[in-house]
2 protein chains.
Amino acid sequence: MIKLTAQRQAILDMINQSNQHWDAELLARALSDAGHSIGIATIYRGLTALEKAGLIQAIHLGDKKRYERSDKAHHDHLVCRSCGSIEEFFDEHIEQRQRHVASQYRFQMDGHQLLIFGICQQCLKLSMKGEQS
Amino acid sequence: MIKLTAQRQAILDMINQSNQHWDAELLARALSDAGHSIGIATIYRGLTALEKAGLIQAIHLGDKKRYERSDKAHHDHLVCRSCGSIEEFFDEHIEQRQRHVASQYRFQMDGHQLLIFGICQQCLKLSMKGEQS
DNA sequence: GTCGAGAACGATAACCATTATCAATAATAA
DNA sequence: TTATTATTGATAATGGTTATCGTTCTCGAC
């Protein structure tokens, strides 16, 4: 259904080639650095089209929308409040209970988003070092 | 710590008096209807202050931030993609597993947000009616 | 090939939720 | 009272995203 133009292919390649969680601006810069000059509007439209086609997946992180490869299994995210890093996890128990909750409420679930906020291991270490001195 | 000015009290009252998930604009209109003329900037500042003080709680729903009473137990949300309604649920198993996952990753969790997307019971009924004709 | 329709592009304006600015006002402390 | 500090409200600015619009590309029909 989707038309994979050169621009969209470039966007898709960039996302597929890394494990990053891209936002539109980051992507625009990376594509520009890689020699592709793609208008920012085209990037937004491309991301929307690619997501709708299931070729990438999105997470809404409050401030901005981020995109990542969809060729990996479903997972949720641990978001560090300190450095902004995003770690992935998967827990079948949680998935299962979600389906259970939805059916309890006669709710036809078609997706979910679980964000766990806090401080990541690295930042914890750093802050402990800082406090020692 | 927080200074409960007349404006902030009005905002807090409005939120405490209902089970709605308020966004700034909705709140502004409701307050205006109730006879309070509060600047939109003051509403944003008030919401931020009240949230920081723990007097209300917020959920980030992609497009905009919504606020609700904090005098009720923690819960998560079922968000209807069709009518936009928000239903609440609580599942201790999910809470537990989240703590488990966080500790597994040596991640110091200080909060989370779980949104389950789909179609609510009411919208399902309506769409079934529509298909019959 | 080329004609025409429809999709996609790029530049840029517009949009919308939120935040910053700043002068005026209210609350608080000395 | 006076000085200090915080809050307010109007409005400008910000930032991410979407809409607009004229141009370009794609591709099937002829």
Side-chain angles (χ1 to χ4, degrees), chain A residues 1-15 20-68 79 81 84 86 113 115, chain B residues 1-15 20-53 55-68 77 79 81 84 86 113 115:
Chain A
M1 236 40 54
I2 189 181
K3 202 177 290 181
L4 261 188
T5 64
Q7 290 91 336
R8 290 178 182 173
Q9 190 65 61
I11 294 173
L12 184 56
D13 287 347
M14 188 64 75
I15 292 175
Q20 277 199 59
H21 299 82
W22 297 92
D23 61 59
E25 195 197 343
L26 214 73
L27 206 46
R29 227 168 346 193
L31 285 167
S32 164
D33 290 351
H36 300 92
S37 104
I38 304 180
I40 187 68
T42 301
I43 289 178
Y44 277 105
R45 278 183 301 229
L47 287 171
T48 303
L50 290 168
E51 186 196 358
K52 203 177 301 178
L55 297 175
I56 57 176
Q57 52 185 320
I59 59 170
H60 233 116
L61 220 162
D63 54 341
K64 55 182 79 168
K65 214 168 174 184
R66 288 159 199 262
Y67 296 87
E68 58 181 328
V79 182
R81 283 196 207 273
I86 302 176
Q113 175 173 297
L115 300 174
Chain B
M1 233 45 50
I2 190 181
K3 201 178 292 182
L4 261 189
T5 64
Q7 290 90 336
R8 289 176 184 174
Q9 188 66 60
I11 295 172
L12 184 56
D13 287 348
M14 188 63 76
I15 294 176
Q20 277 200 56
H21 298 82
W22 298 93
D23 62 59
E25 196 197 343
L26 215 73
L27 206 45
R29 228 169 345 195
L31 285 167
S32 163
D33 289 351
H36 299 93
S37 106
I38 303 180
I40 188 68
T42 301
I43 289 178
Y44 275 104
R45 278 182 302 228
L47 287 171
T48 303
L50 289 168
E51 186 195 358
K52 205 177 299 178
L55 297 175
I56 56 177
Q57 53 185 320
I59 59 169
H60 232 116
L61 218 161
D63 53 342
K64 55 182 79 169
K65 215 169 175 183
R66 289 159 199 261
Y67 295 87
E68 57 181 328
H77 297 94
V79 182
R81 282 196 207 274
I86 302 176
Q113 175 174 298
L115 299 174

For [X] and [N], give me the distance from atom [atom1] to atom [atom2], rounded to whole Å.
X        : N       : atom1 : atom2 : result
Leu26(B) : dC16(C) : CG    : P     : 16 Å
Leu27(B) : dA17(C) : CG    : P     : 14 Å
Leu50(A) : dC9(C)  : CG    : C1'   : 15 Å
Gln9(B)  : dT8(D)  : CD    : C1'   : 17 Å
Lys64(A) : dT14(D) : NZ    : C1'   : 12 Å
Arg29(B) : dA17(C) : CZ    : P     : 10 Å
Lys52(A) : dT18(D) : NZ    : P     : 11 Å
Leu4(A)  : dT26(D) : CG    : P     : 13 Å

With the side chain of [X] defined as its heavy atoms from C-beta on, choose the nearest nucleotide among [options].
X        : options                   : result
Ala41(B) : dG16(D), dC9(C), dG9(D)   : dG9(D)
Thr5(B)  : dG16(D), dT7(D), dT18(C)  : dT7(D)
Arg45(A) : dG16(D), dG10(C), dT18(D) : dG10(C)
Gln7(A)  : dT7(D), dG10(C), dA17(C)  : dG10(C)
Lys65(B) : dT17(D), dT18(C), dT28(C) : dT18(C)
Thr42(A) : dT18(D), dC9(C), dT18(C)  : dC9(C)

### Message
OP1 or OP2 of dT18(C) versus the side-chain N and O atoms of Tyr44(B): is any pair under 4.0 Å?
### Response
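So the side-chain polar atoms of Tyr44(B) do come within 4.0 Å of the phosphate oxygens OP1 or OP2 of dT18(C), strictly under.
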### Message
Tell me whether Arg8(B) contacts the main-chain N or O of Leu50(B) through its side chain, where contact means a donor paired with an acceptor under 3.5 Å.
### Response
no
### Query
Side chain of Ser32(A), backbone of Ala28(A): donor and acceptor closer than 3.5 Å?
no
### Query
What are the two closest heavy atoms between Glu51(B) and Ala58(B), and how far apart are they?
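For Glu51(B) and Ala58(B), the tightest heavy-atom pair comes out as OE2-CB, 3.5 Å.
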### Task
Might you point out which heavy atoms bring Met14(B) and Ala34(B) nearest each other, and give the distance in Å?
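Heavy atoms only, the tightest pair is CE-CB, 4.1 Å.
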### Query
Does Ile40(B) or Ser37(A) map to a spot on DNA chain C nearer the 5' end, using the closest nucleotide for each?
Ser37(A)
### Task
Scan His77(B), Gln57(B), Gln20(B) and name whichever one has a side chain to side chain donor-acceptor pair (under 3.5 Å) with Glu68(B).
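Among His77(B), Gln57(B), Gln20(B), the one meeting side chain to side chain donor-acceptor pair (under 3.5 Å) with Glu68(B) is His77(B).
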### Task
Using a heavy-atom cut-off of under 4.0 Å over every strand shown, decide if Arg8(B) touches base, sugar-phosphate, or nothing.
sugar-phosphate
